[in-house]
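To start, the structure under review is shown below, and the notes come after it.
What you see is a predicted model; the values in this text were computed from it and never measured. Reminder, nothing fancy here: chain letters follow the sequence lines and each chain counts from 1.
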Protein chains: 2
Amino acid sequence: MSGVNRKSVADAEERLRSTGERVTVPRVRVLEALLQAGGALTHQEIEVLLGSAALDRVTLYRVLDWLCVKGLAHRMSGGDRVWRFSAIDGQHGRHAHFECRHCGKVTCLDKQSTDELAVNVPRGFRSEGIELTVRGRCAQCA
Amino acid sequence: MSGVNRKSVADAEERLRSTGERVTVPRVRVLEALLQAGGALTHQEIEVLLGSAALDRVTLYRVLDWLCVKGLAHRMSGGDRVWRFSAIDGQHGRHAHFECRHCGKVTCLDKQSTDELAVNVPRGFRSEGIELTVRGRCAQCA
DNA sequence: CGGGAAAGCGCAACTCAGTTGCATGAACCC
DNA sequence: GGGTTCATGCAACTGAGTTGCGCTTTCCCG
């Protein structure tokens, strides 16, 4: 809302720098947007957030993909078969989400880390990650 | 595999009958396919299962949608942004899924009911259902 | 049974998120 | 600063899922 936050730009840049890969304008801007957002964003929502100087659609997809591969973000599949992306906070790691059936907004349940969730899988199956989404009504749509 | 199973046809028909809505050929065949399947199926996989006398794509989508509304099936969004559907067994209700990152197959974790999972949501949020998907390697792809 | 209203089916055309290939431009190493 | 390598942007494509509409089936009631 308050335009560009200098601190979060630096934060985004540092995270990118730490991967050892190239730090480009699109990557900084997208990661910054994810860091400032309170929930998981669709690529459309990110485009709106970036506003005036929007990126090419394809670039946005590629940046988001890249962020996931590098472990800086993760993707979740919403109830509308659209990808949503959220930054992975060093403290909380991968987390659960809440998706409002009414307004469609996806909120991160930071306290609900999915890394430590214990789920029994059949013999021979190996779990590498858990996606947990709660659906219902958010506070605004109650 | 063993062609049409008469018992499961009757089972599917009875479930449909109990909704008080019309019992049609497509509905019976689709529900039967879901009941026999060991996991969640994409609409493509269902088409293959139905084989020779396949339904129209659109009809299949509508039947699946209808089954979800009536509480006879539920849908989950896979890692490939494709819907998958599985029959809801009266005993287990909604359940968790395992999605293999390698072969893409989705297995139902029947023992892992999501109805009784306790997840904390923020104040004012109301949970109406939980989707839990474990991703990793299945026994065959280990 | 059989006739008719209401609901479901099938076809064709459409939408839109996400992808691919390739030429241009920017980041980083030295 | 100069060259290599990788990322970006454009255009054209893919494929899951949807919509509108005329035809067929279900099922109720006589």
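Between the P atom of dT15(C) and the CD atom of Gln44(A) lies a distance of 15 Å, rounded to the nearest Å. One can place CG of Asp56(B) at 15 Å from P of dT19(D), the figure rounded to the nearest angstrom. When rounded to the nearest whole Å, the span between CH2 of Trp66(A) and P of dG9(D) equals 15 Å. Rounded to a whole Å, the CD atom of Glu21(A) is 12 Å from the C1' atom of dC28(C). In this structure, Leu60(A) places its CG atom 10 Å from P of dG18(C), rounding to the nearest Å. For the pair Glu47(A) CD and dG9(D) P, the computed distance is 12 Å after rounding to whole Å. Spacing between atom CG of Asp65(B) and atom P of dT18(D) amounts to 6 Å, rounded to whole angstrom units. Rounded to whole angstrom, the span from the NE2 atom of His43(A) across to the C1' atom of dT19(C) amounts to 12 Å.
Nearest nucleotide to the side chain of Tyr61(A), out of dG18(C), dG20(D), dG8(C): dG18(C). Considering only the side chain of Arg22(B), dA6(C) comes nearest among dC9(C), dA6(C), dA17(C). Closest to the Arg62(B) side chain, of the nucleotides dG10(C), dG15(D), dG8(C), is dG10(C). When each of dG10(C), dG18(C), dC10(D) is scored by its nearest atom to the side-chain atoms of Leu55(B), the top-ranked nucleotide is dG10(C). Of the candidates dG8(C), dT19(C), dT19(D), the closest approach to any side-chain atom of Val58(A) belongs to dT19(C). Nearest to the side chain of Arg57(A), among dC9(C), dA16(D), dA12(D), sits dA12(D).
Applying the 6.0 Å contact sphere to CD of Glu128(B) captures more than 12 heavy atoms from other residues, nucleotides or ligands.
Ring-plane geometry between His97(A) and His74(A) is classed as tilted, the angle between the planes lying from 30 to 60 degrees on a 0 to 90 degree scale.
Put simply, Thr59(B) has a side-chain N or O that comes within less than 4.0 Å of OP1 or OP2 on dG10(C). Checking the phosphate oxygens (OP1, OP2) of dG18(C), a side-chain nitrogen or oxygen of Trp83(A) falls inside 4.0 Å. The side chain of Arg81(A) contributes no N or O atom lying less than 4.0 Å from OP1 or OP2 of dA17(C). Here Thr24(B) reaches the OP1 or OP2 of dC9(C): one of its side-chain N or O atoms lies under 4.0 Å away.
Annotation: of the two residues near DNA chain D, Val82(B) and Arg17(B), the 5′-most nearest-nucleotide partner is Val82(B).
A salt bridge does not link Arg15(A) to Glu13(A): none of the charged side-chain nitrogens sits closer than 4.0 Å to a carboxylate oxygen. The pair Glu99(A)-Arg101(A) does not meet the salt-bridge criterion, since no charged nitrogen lies less than 4.0 angstrom from a carboxylate oxygen.
Cation-pi geometry between Arg81(A) and Trp83(B) is not met: the NZ or CZ atom fails to fall both under 6.0 Å from the ring centre and inside 45° of the normal.
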